[in-house]
S.K.: 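Sharing a structure, written as structure tokens. Questions coming.
Values reported hereafter were calculated over all heavy atoms of this structure, with side chains retained and with hydrogens, waters and symmetry mates removed. One is the number of the first residue; the rest follow in order along the sequence. If you're wondering where the values come from, they're calculated on a predicted model, not measured in any experiment.
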Amino acid sequence: MKLRICKMFSVLMMALILAGGFASPAKAAEVQNQSAVILSAGDSEAVPYADQIVIYTRTHNGVWQYRRWNETRGYWVDPDWIDM
């Protein structure tokens, strides 16, 4: 029970840190970590972008769960919901 509470606390703190404060329950945290390089017309260098990962939360049978969604590529990062 103590381990479960510690795990839930650490996941919630991570979500708060990533969100920069409190967020809505449906969208606990949205990471916007993009870096773009401005190129001139003659450059052919690759421009790196970080994926946008959104953490969704829910309560299922009285258990808080979370799951990460990749906004950039459109797929679930985690195959299943993870208990907090």
Side-chain angles (χ1 to χ4, degrees):
M1 181 67 182
K2 189 174 184 178
L3 178 64
R4 186 177 179 91
I5 291 172
C6 290
K7 186 177 177 182
M8 184 185 331
F9 179 76
S10 64
V11 170
L12 288 174
M13 290 305 294
M14 178 185 69
L16 285 173
I17 290 169
L18 292 175
F22 293 99
S24 66
K27 217 175 198 181
E30 185 172 351
V31 180
Q32 295 179 354
N33 197 12
Q34 292 186 354
S35 60
V37 178
I38 300 173
L39 302 174
S40 64
D43 291 341
S44 61
E45 186 176 330
V47 180
Y49 288 97
D51 290 346
Q52 290 184 347
I53 306 297
V54 181
I55 300 174
Y56 288 94
T57 61
R58 74 174 184 179
T59 303
H60 182 69
N61 294 331
V63 177
W64 276 33
Q65 297 177 328
Y66 74 96
R67 197 172 183 191
R68 295 175 297 166
W69 173 257
N70 188 325
E71 272 292 296
T72 307
R73 300 178 188 217
Y75 65 88
W76 289 108
V77 176
D78 304 311
D80 298 315
W81 288 91
I82 302 168
D83 294 342
M84 290 190 197

S.K.: Taking the side chain from Thr72 and the backbone from Gln52, do they hold a donor-acceptor pair closer than 3.5 Å?
M.R.: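 Checking the backbone N and O of Gln52 against the side chain of Thr72, a donor-acceptor pair under 3.5 Å is found.
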S.K.: So how far is it from Ile55 CD1 to Ile53 CD1, rounded to the nearest 0.5 Å?
M.R.: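 Spacing of CD1 (Ile55) from CD1 (Ile53) equals 9.0 Å.
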S.K.: Heavy-atom distance under 4.5 Å between the side chains of Met84 and Thr57, does that happen here?
M.R.: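 Sidechains of Thr57 and Met84: in contact.
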S.K.: How long is the gap from CZ on Arg68 to CD1 on Ile82, to the nearest 0.5 Å?
M.R.: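 Taking CZ in Arg68 and CD1 in Ile82, the distance rounds to 6.0 Å.
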S.K.: Under the side chain to side chain contact (heavy atoms under 4.5 Å, CB included) test, which residues partner Trp81, sequence neighbours left out?
M.R.: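 For Trp81 the side chain to side chain contact (heavy atoms under 4.5 Å, CB included) partners, ignoring immediate neighbours, are Tyr56, Arg58, Gln65, Arg67.
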S.K.: Looking only at non-hydrogen atoms, find the nearest pair between Val77 and Trp69 and report the distance.
M.R.: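 Nearest pair, atom of Val77 first, then Trp69: CG2-C, 4.3 Å.
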